[in-house]
There are 2 protein chains.
Amino acid sequence: MHLNQQTDFAFRILIYLADHTVADETGDMALARPKIREIADFYRVSYHHLMKVANALTSRGYVQSWRGKNGGLALARSPERITLGAVARDIEGHWEVVECFGTDSDCPLTNDCRLAPILNEALLHFWAILDRHTLADIARSPGDESPITFHSDLPYPLGPEPTREQRKPSL
Amino acid sequence: MHLNQQTDFAFRILIYLADHTVADETGDMALARPKIREIADFYRVSYHHLMKVANALTSRGYVQSWRGKNGGLALARSPERITLGAVARDIEGHWEVVECFGTDSDCPLTNDCRLAPILNEALLHFWAILDRHTLADIARSPGDESPITFHSDLPYPLGPEPTREQRKPSL
DNA sequence: TGGTAATATGCATTCAGTATGCATAATTCG
DNA sequence: CGAATTATGCATACTGAATGCATATTACCA
């Protein structure tokens, strides 16, 4: 009963992009394409792992990417049009609570199971909440005055990958 | 985003007990203590694995057990007093969606994360549904006339443990 | 009191999914 | 052409779940 780390990464990438695509610290829009390296450093998570999630977000149409020099990522849609539930379902593989809804179950209760509908109902309520919110709800609002942490403000040097101990994924 | 097989087993054990503690096919109440062996055969799942779940249910106070000859299992409370949500949380180890609610997260967003409250809300709605139902809702009601499958009605001989291929857990 | 039936418990193994790392390709810019 | 950056595939490690086995414990009964 939990979302996996990839989904957590996906949300955090989207939040980062929403918060950093307006302008960077120089005011230069062309440079305001956060790089995977930069995002990974900010969250102190594995660069390679985060890249895979970024790829998934790209192929699913949530994120736009540019390769090569001055490459990077940006949101492919406005935050209002990115639903949290859709992202979670796209990144998570299976999202059903019970699999006995499928066709190949031989559980003797299948024909008269009163549990499955209840679990299903609970699940629908769960997803209904996530489907009711978009990235705009969790990203910084335009008028938000709280400080944004830019790349150059990071309180640690940009060195090699953090070790497993240094990293602490939060999901 | 799913419940594990142990939780599935737990629900099915409880359903079986609720359906079979009234009387067995001989009308003898003393024999109406389903055995783990019997339940495992009925659902065609691993005997040993199901025993562990039965033990968990026993130690959590949902089920009463007797060892030795004529031993077996029975509900320790009336079905109305067994809440589905409580069972699931007791059998599942961790049941939070996000773990960054904990104290040892160093996610830079922790202090101003707008995602966590939403996930939390979704989760609360999920559990609210399960907490609203009891075993009485999913077990056979007393007036239910539909046939009950007794041990002796099983359409297959009681042989050795089914192989992995024969078994198809439904959750 | 010994045998049998049943649950209880601990340990070892297998398995699957997730996470991680590495190598290399592909692309873009200058 | 070279550097920077994303894209992709493969191999490995890690973790938790699932499974199986051995043995202990308990209770009934002859």
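So you know, we letter chains A, B, ... as the sequences are listed, proteins then strands, and number each from 1.
Summarising the geometry, the separation between CG on A:N4 and P on D:dG16 is reported as 14 Å, rounded to the nearest angstrom. If you take CZ of B:R37 and C1' of C:dT7, they are 13 Å apart, rounded to a whole angstrom. To the nearest angstrom, C1' of D:dA27 lies 15 Å from CG of B:L73. With rounding to whole Å, A:K35 atom NZ is found 7 Å from D:dT6 atom P. The CG-P distance, from A:N70 to D:dT6, rounds to 11 Å in whole Å. What separates CD1 of A:I91 from C1' of C:dT18 is a distance of 14 Å, to the nearest Å. When rounded to the nearest whole Å, the span between CD of B:E92 and P of D:dA18 equals 9 Å. As rounded to whole Å, 13 Å separates atom P of C:dT28 from atom CD of A:Q64.
Ring centroids of A:F9 and A:H49 are separated by less than 6.0 Å, placing the two rings close together.
Taking side-chain N and O atoms only, B:Y47 has a distance below 4.0 Å to OP1 or OP2 of C:dT7. Dashed line: the shortest gap from a side-chain N or O of A:S46 to OP1 or OP2 of C:dG21 is under 4.0 Å. At C:dA6, none of the side-chain N or O atoms of B:S65 fall inside 4.0 Å of OP1 or OP2 (strictly under the cut-off). Between C:dA19 and A:Q5, a contact under 4.0 Å exists linking OP1 or OP2 to a side-chain N or O.
In this structure a side-chain-to-backbone donor-acceptor pair under 3.5 Å is missing from A:T83 to A:G85. A:K35 places no side-chain N or O within donor-acceptor distance of the main-chain N or O of A:L73, the cut-off being under 3.5 Å. With hydrogens and angles ignored, the 3.5 Å screen pairs a side-chain donor or acceptor of B:Y43 with a backbone N or O of B:R12.
Remark: A:A10 engages A:V53, A:L57, A:V87, A:I91 in a side-chain contact (heavy atoms from CB on, under 4.5 Å) (not counting sequence neighbours). Take B:D137 and apply the salt bridge (charged side-chain N to carboxylate O under 4.0 Å, His left out) test, not counting sequence neighbours, and it matches no residue.
Taking 3.5 Å as the limit, the base of D:dT6 and the side chain of A:R67 contain a donor-acceptor pair of atoms between them.
Using a 3.5 Å distance cut-off with no hydrogens or angles, the side chains of A:N55 and A:T58 do not pair a donor with an acceptor.
Residues from residues 50-63 of chain B lying near DNA chain C, meaning a heavy-atom separation below 4.0 Å, are B:M51, B:K52, B:N55, B:T58 in numerical order.
Checking A:Q6 against B:G68, the closest nucleotide of DNA chain C that is more toward the 5' end is the one next to B:G68.
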